[in-house]
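To start, the structure itself, in structure tokens.
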Amino acid sequence: MKANDTLTMKAYDIQAMQQKWKQYWVEHDIYHVPNDSDKPKYYVLDMFPYPSGAGLHVGHPLGYIASDIFARYKQLKGFNVLHPMGFDAFGLPAEQYAIETGQHPETTTNNNIATFKKQLDNLGFNYDWKRQVSTCDPKYYKWTQWIFLQLFKSWYNIANNKAEPLETLIEKFEANGSTGVQAGGVDELPTFSAEEWQQKSAQEQADILMSCRLAFQSYATVNWCPALGTVLANDEVKDGFSERGGHPVERKKMRQWALRVTAFAERLLNDLDDLAWSDAMKEMQRNWIGRSEGASIFFQIADSEETFEIFTTRPDTIFGVSFMVLAPEHDLVKKITTTEQKEEIDAYLAYAGAKTDRERQQEKKVTGAFTGAYAIHPFTQEKVPIWISEYVLIGYGTGAIMAVPSDDERDEAFATKFNLPIIDIIDKSKYPGATQKDKLGIMINSDFVDGMEVPDAIKAVNQRLEEMGIGKGKVNFKIRDALYSRQRYWGEPFPIVYDENGTPQAISESELPLTLPPVESFKPSGTGEAPLARVTDWVNTAEGKRETDTMPGFAGSSWYFLRYMDPDNEDNFVDPKVEQYWQNVDLYIGGTEHAVGHLIYSRMWHKFLYDRGWVSTNEPFKRLVNQGMIQGRSSFAYRIKNTNQFVSYNLRKDYEVSRLHVPVSMVKNDVLDTEAFKQFRADYADATFILEDGKYVCGAEIEKMSKSKYNVVNPDDIVAKYGTDCLRLFEMFLGPLEHGKPWNTDGIEGVSRFLKKCWNLFSIDESDKAQVSDAAPSAKELKAIHKTIKKVSEDIERLSFNTCVSAFMECVNELNSLKSKNKTVLRDLTLLMAPFAPFITEEFWQSLGESGSVHLASFPTYNPEYIKESTKTYPVQINGKVRAKIELPVDLKREDAEAIILAHQKVVKWVEGKNIRKFIFVPGKIINIVV
RNA sequence: GCCCAGAUGGCGGAAUUGGUAGACGCGCUGGUCUCAAACACCAGUGGGAGCGAUCCCGUGCCGGUUCGACCCCGGCUCUGGGUACCA
């Protein structure tokens, strides 16, 4: 710009600019979010992070940047936007670190939170930090404990289809006994009259009530490691041995707290329909909930009084039953195994006992053992052998199945392997290609259902079972009640004491929070009890012994989004008025790894709180978007064996080499900075290199980001070099938010150049004024900017941020080639870019003479008049291949187009002498001629 | 094993509803500026054939539907996420 040569232009000093605006934002408190506002509310939420010791890497902020852009956009659109951040601060890694180092998890967690906050603050987010929550903060977990107590004091009344206080259940028992009472998620309530209820001992009453509570105790199978003296997560078990130390792990039944998620199963399933979640996410939840219709059937054991219940989705196939299979952990196994078979069964139990459920399902080998016992077929009275096998899981259904090898693949494989009979019972010849799941065919060899279609046979069998009193139609859910006990230290203590009878009692709500006491050792007690069991003066109280287990990670994360609304409230987990204003989350962004766990538990808690009248919405998260995982891109050098000489990537085949990870910070465009590499480690100081084209080229591979692979990129380093705006734009430019993608810092140069081009476009002088034209914008300028407004508005709404960045680049390129310095146009561009690049746009906004923060202004709208096209260049295909491009008026009629096109010289060449079979004209799109 | 995704140039990706495959950017090549380099700017860049106009091939693999398929259907392969105590 010749005209500007006389003026001194302000330099693009990124760090000074960031400092300046950060300070401005704090001083003017522009990110304060009021709980009372005339504006409509909008709630944007990120899945809050677990503050790990490693700090943030560039993968973490991807979703946070996206939500920040959306939150800022909504703000510009006139909403009062809640966009908070907090920490999921209880968890295993801190506890493990404490065991190894003796450092209190609270100390390390608080340090890690401080690091995370500092790193997050480097990324220009609009969080109102006054709303921060941390799940390990007693002020927070007071309410986690409170909600647990409410779950403990509630049951699910199927008659009203909602959770109710336990008092309503006791009233029913006192009035009519158990008659007519249906408690959700409870298989069978014992039958008793009102009088019988009164006659029951306190202990008996407590047991019955416990079996109906939404937070209840029962026995569950866990991975017990005797050597470590603790229960392990499936993650911590590999091939029957603990991952740490390699000690044997066994399956053990332990008394555990659980949440009755199953009571809500039907609603969790049905209410998915109204949520704006991806189909994939809903499908995963549907499959997890796993509703299936079938029948429960009781089988009598031969020469015994014992019966056992099975669940089948195909009661119609009952005449095809040729054996029964129990899960290895089934209670009956020990009782019914004959002396002859005991050795074989014990060996199998040892084999299966060492495997987790996941490992068992993965097992391709067919395995099992015969108990020696037989069941009686309810219709034929024949004896059916009872086997055990790992393919039947104790946690699903009743842990027992009737096997129909002719109609089930796994049963068939089992029958084949162990030479058990296969009885054909369905003629599928009428339905070629139908699978077992389709439930189609005509019954054969099946006594009273012979000749029936499958659906009719199902009804007929169910009816007969019911008449005989040995079974009935039943809906089964795969979803299990959530295990809620952890034998760990670093979690919420249960607000529960055991009275002299050993009955759990809620402590008074006025005693909350029940805080974690200090402990001398974080190591497991060795007896299967949690570390808290050793703190005897905490455990023993006047009311009884405290529960020493703690709550799981998902406790605090199941309701945190409610606390952000009113984080300092000491009388309520959220003030009802405040809750009614914010309602629920409008947009929730987080990883698919939480598809079923966290997102099911949160939904269940929310429905519970809704039923009890504490929240006003039925679902917590209206719209859900899953950001993809950012993977690392590792770089490799190739060391020639037994030397300190490294050979460049493309020459490595000529040598015997070993591949070593090199830090990605020393590599640019796959070329290694050999000097930096020599300084990296003492043993590389005298390394030598065999180069290609004068360079050392590295190999590369996409892997998980991890310290040991030297491929972790810290956002702090990027911010220091390129600035926050550049990092934000680049993370968005990488690709679609939902896709997983590898991180490669090399591409950031393009975004950095783009920002410099933007800076130059404004020509800001030393008095912070942009050298721009006040004239009315030209038609071309208007078209360029309004096209961008349209594109960016639409793309932000569908969270397609990568294409927004492309649109900015195209717009700036266009304005540069138009030599445009128009103020109106640049003002709109500044507003469009403000959610993406919060710092530089403040600078632009100020330079245009605007007052206040750009983030409190209004988003522009596009004018369709400015972007109207009068002609369209049509691709003309002949037999589906593009042969010509012809410009035509956009409003051209089909007949006129046909005449023009067929007469066009480029088309004539292809159609001459040929018969035109079809002329396809898609207005505004394409023309295809079939000859 | 089961459930859910994904695969497009050397690389990240675009193509929103079945309608011009490769927008935008990185990298690379050539050029301008410079003593030189860096920066910046200009031009080119899916593969192949041809001086050229132009033609052939091309969206993980095999097959199908359609005037027309990256997009829909059937069957695979590979990669990622989840699989209930990692968060």
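Reminder, nothing fancy here: chain letters follow the sequence lines and each chain counts from 1.
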Phosphate contact (G19(B) OP1 or OP2) by Lys872(A) side-chain N/O below 4.0 Å: no
With sequence neighbours excluded, residues passing side-chain hydrogen bond (donor to acceptor under 3.5 Å, both in side chains) with Glu814(A): none
Arg753(A) side chain near A40(B) phosphate (N/O to OP1/OP2, under 4.0 Å): yes
Below 4.0 Å: OP1/OP2 of C55(B) and any side-chain N or O of Arg883(A): yes
Dot-bracket encoding per residue of RNA chain B, Watson-Crick/G-U cut-off under 3.5 Å, | denoting interstrand: (((((((..(((......[....)))((((((.......))))))((((....))))..(((((..]....))))))))))))....
Contact under 4.0 Å: Asn928(A) side-chain N or O vs G19(B) OP1/OP2: no
Below 4.0 Å: OP1/OP2 of C86(B) and any side-chain N or O of Arg358(A): no
Listed partners of Thr230(A) passing side-chain hydrogen bond (donor to acceptor under 3.5 Å, both in side chains), at least two apart: none
Sugar-phosphate only, base, or nothing, as touched by Asn744(A) at under 4.0 Å among non-hydrogen atoms: nothing
Sole residue of Gln361(A), Glu363(A), Gln362(A) in side chain to side chain donor-acceptor pair (under 3.5 Å) with Lys355(A): Glu363(A)
Asn626(A) vs A5(B): side-chain N/O to OP1/OP2 distance below 4.0 Å: no
base_contact_polar (U16(B) base, Lys791(A) side chain, donor-acceptor, <3.5 Å): yes
Check residues 918-931 of chain A and write down every donor-acceptor pair under 3.5 Å in which the side-chain atom is one partner and the other belongs to a residue at least two apart or another chain.
residue: Asn928(A); atom: OD1; partner: Gly880(A); partner atom: N; Å: 3.1

Residue list, side-chain hydrogen bond (donor to acceptor under 3.5 Å, both in side chains) with Glu692(A), at least two apart or on another chain: Ser648(A), Asn650(A)
Qualifying side-chain hydrogen bond (donor to acceptor under 3.5 Å, both in side chains) pairs, either residue in residues 877-888 of chain A, two or more places apart: Thr871(A)-Glu887(A)
Distance, P atom - from G44(B) to G82(B), rounded to whole angstrom: 46 Å
